[in-house]
Enquirer: 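My questions all concern the structure below.
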Amino acid sequence: MKVKTSITLSPEVLEAVDRVAGSTSSRSEVIELAIREFLMTRARAKRDARDVELINEFADELEIEMASVLLHQIEP
């Protein structure tokens, strides 16, 4: 279900939306797609930042574990 809403855009942005929409899409479709992509990008960036925090939090432990693994490797 779609909900009708009103937004205010600069003339330049609206012209760009119209160019992208062309004759195959509507303004609403282009704007909805753009917002969905924006939200997915933000969610991905948030997940990536959380992953970096976790890696940094456990970096010392991981480094010690890796050093131990390397000590037990057999040289070819």
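Since we're looking at a predicted model, the values are computed, not measured. Just so you know, residue 1 is the first one in the sequence shown, and it goes up from there.
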Enquirer: Under a 4.5 Å cut-off applied to non-hydrogen side-chain atoms, are T5 and V3 in contact?
Expert: no
Enquirer: What is the distance from atom OG of S28 to atom NZ of K4, rounded to the nearest 0.5 Å?
Expert: 7.5 Å
Enquirer: Side-chain contact test, heavy atoms from C-beta onward, threshold under 4.5 Å: evaluate it for I35 versus E32 and give yes or no.
Expert: no
Enquirer: Are L70 and F58 connected in a single hydrophobic cluster, I mean Ile/Leu/Val/Met/Phe/Trp/Tyr linked by side-chain heavy atoms less than 4.5 Å apart?
Expert: no
Enquirer: Within this structure, what is the CD-CZ distance for the pair E37 and R44, rounded to the nearest 0.5 Å?
Expert: 9.5 Å
Enquirer: E15 vs R19, test: side chain to side chain contact (heavy atoms under 4.5 Å, CB included). Steps then yes/no.
Expert: CA-CA 6 Å; E15 288 172 14; R19 280 193 304 274; 3.9 Å; yes
Enquirer: Can you tell if the side chain of E57 reaches within under 4.5 Å of the side chain of E53, non-hydrogen atoms only?
Expert: no
Enquirer: What is the distance from atom CG of D60 to atom CD of E65, rounded to the nearest 0.5 Å?
Expert: 13.0 Å
Enquirer: Out of curiosity, does L54 fall in the hydrophobic cluster containing M66 (side-chain heavy atoms, cut-off under 4.5 Å, transitive links)?
Expert: no
Enquirer: Hey, is CD on E29 packed in by over 12 heavy atoms from elsewhere, all under 6.0 Å?
Expert: yes
Enquirer: List the steps and the verdict of side chain to side chain contact (heavy atoms under 4.5 Å, CB included) for I7 and L9.
Expert: CA-CA 7 Å; I7 60 171; L9 301 173; 3.8 Å; yes
Enquirer: Taking C-beta and beyond as the side chain, do V30 and D18 meet within less than 4.5 Å on heavy atoms?
Expert: no
Enquirer: Are L33 and V20 connected in a single hydrophobic cluster, I mean Ile/Leu/Val/Met/Phe/Trp/Tyr linked by side-chain heavy atoms less than 4.5 Å apart?
Expert: no
